[in-house]
Number of protein chains: 2
Amino acid sequence: MSTYTIKDVAQQFQLPISTIRYYDEKGLLPFVARDVHGNRVFTDSDLNLIKTIVCLKTTGMPLKQIRQYIQLCLQGPTSIPQRQALLAQHKAAVLQQQQALAQALQEIEVKLNRYSAPNAVGMIQAELAYVAQEKAALDLPNAFAH
Amino acid sequence: MSTYTIKDVAQQFQLPISTIRYYDEKGLLPFVARDVHGNRVFTDSDLNLIKTIVCLKTTGMPLKQIRQYIQLCLQGPTSIPQRQALLAQHKAAVLQQQQALAQALQEIEVKLNRYSAPNAVGMIQAELAYVAQEKAALDLPNAFAH
DNA sequence: TTAGACCCTCAACCTAGGTTGAGGGCAAGG
DNA sequence: CCTTGCCCTCAACCTAGGTTGAGGGTCTAA
């Protein structure tokens with residue numbers, strides 16, 4: 001059972017010290033104690049909660065919502081239903097995000113494949129020609145190289 | 001072969017009109033032509049490129065980098081190597097992002113499972129007791145319900 | 001010929017999420 | 001006893017990515 005300084009925590013989670021202080025200021029770390037000099041003192045349990053915070057942040061949860069979750073945690077077991085609701089909703093959001101990401105990634109891969117195809121230059125030229133024809137047919141200026 | 005107004009484009013991509021104008025202002029849409037009144041005129045090819053832009057945005061690419069990609073596209077086939085490099089690098093970033101997301105999601109699921117376990121209340125109480133003991137042993141104040 | 005629905009620009013404003021710097025305190029080692 | 005390296009607060013500043021509103025033009029249908 002030991003304690004950690006803000007620097008330790010920063011290193012462990014690969015965050016700037018300023019960010020940890022910012023999170024504290026924003027109410028995400030109400031559980032962190034202070035020593036006689038006002039210095040933050042982190043315990044192992046604190047690290048556990050911070051790990052959860054980082055995890056929620058990684059998945060894109062806004063800090064306000066994270067703060068809300070932490071406040072529910074402070075309240076003890078009575079808030080379990082609310083915590084469940086909050087996390088379940090967030091989980092759904094993350095799943096959607098994963099979907100979107102995977103789909104977009106596929107399109108990027110399609111582009112990449114085009115670029116590494118043997119006749120990539122020819123294909124791009126053909127596309128450019130199509131654009132040129134389209135713009136010309138509509139009497140519009142064409143910003144592409146031609 | 002037809003043309004589209006900014007409103008059409010906004011609807012198609014589910015973006016506010018203001019965002020499309022903002023992207024244009026930021027140099028992401030240099031290929032969009034104007035009619036005699038200064039109104040933007042979008043072609044089918046334009047929509048294709050915008051689809052790519054949206055895709056890059058979805059995967060978290062900063063607008064500055066997207067602009068760079070678009071500018072490479074304007075230059076014709078000579079910029080294929082640079083485009084390839086840019087997209088390959090971005091693809092790697094997206095893969096990492098997916099990894100992180102999946103891992104964080106797992107932790108969230110672990111939490112959720114805890115909360116829906118039959119003896120969730122007991123477990124949470126035990127955790128709280130542990131925290132209380134830890135803080136007490138170190139002579140620190142405890143912010144949790146107890 | 002006027003109302004409604006489009007379109008435009010430009011400048012101001014906004015939120016999230018931090019970062020930076022000034023000004024100051026405590027403690028250990030030389 | 002002083003330098004180095006931690007820690008602190010508070011206020012200012014910053015970037016990204018938009019949004020909003022004023023002020024004004026065009027076109028169509030009643």
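So that the names make sense, note that chain A is the first sequence line, chain B the second, and so on, each numbered from 1. When reading the values below, keep in mind they use all heavy atoms of this one structure, side chains included, and skip hydrogens, waters and symmetry mates.
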Atom of [X], atom of [Y] and distance for their closest heavy-atom approach:
X	Y	value
Ala33(A)	Lys135(B)	N-NZ, 4.2 Å
Leu112(B)	Gln84(A)	CD2-O, 3.7 Å
Leu101(A)	Thr58(B)	CD1-O, 3.9 Å
Ser2(B)	Asp44(B)	N-OD2, 3.5 Å

Side-chain donor-acceptor pair present, Thr5(A), Asp8(A), cut-off under 3.5 Å: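 Present: a donor and an acceptor within the cut-off.
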Atom-pair distance (CD1 on Ile6(B); P on dC6(C)), nearest Å: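 To the nearest whole Å, that distance equals 13 Å.
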Sugar-phosphate only, base, or nothing, as touched by Lys26(A) at under 4.0 Å among non-hydrogen atoms: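 Touches nothing.
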Touch class at under 4.0 angstrom, heavy-atom based, for Lys7(A) against every strand present: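 If one applies the 4.0 Å heavy-atom cut-off, Lys7(A) turns out to touch the sugar-phosphate alone, with no base involved.
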Atom pair NZ (Lys111(B)) and NE2 (His90(A)), whose distance is rounded to the nearest 0.5 Å: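 Nearest 0.5 Å value for the NZ-NE2 distance: 13.5 Å.
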From Gln103(A) atom CD to Thr59(B) atom OG1, the distance as rounded to the nearest 0.5 Å: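 The OG1 atom of Thr59(B) is 12.0 Å from CD of Gln103(A), to the nearest 0.5 Å.
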Over 12 non-hydrogen atoms of neighbours within 6.0 angstrom of CD in Glu25(A):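 Yes - once you tally the heavy atoms of other residues, nucleotides and ligands closer than 6.0 Å, there are more than 12.
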Contacting residues from residues 12-23 of chain B, given that a heavy atom lies under 4.0 angstrom of DNA chain D: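 Residues of residues 12-23 of chain B that come under 4.0 Å of DNA chain D are, in numerical order, Pro16(B), Ser18(B), Thr19(B), Tyr22(B), Tyr23(B).
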Members of residues 28-60 of chain B that approach DNA chain D, where some heavy atom sits under 4.0 Å away: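 The answer is His37(B), Lys57(B).
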Heavy-atom contact window of chain B on DNA chain D, given 5' to 3' at under 4.0 Å: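 Under 4.0 Å from chain B, the extent on DNA chain D is dA16(D) to dC27(D).
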Salt-bridge contact Asp46(B)-Arg40(B) (side-chain N to carboxylate O under 4.0 Å):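 Looking at Asp46(B) and Arg40(B), the cut-off is not met.
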The single option from Gln75(A), Arg83(A), Gln82(A) passing side chain to side chain donor-acceptor pair (under 3.5 Å) against Ser79(A):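 Of all the options given, the one that passes is Arg83(A).
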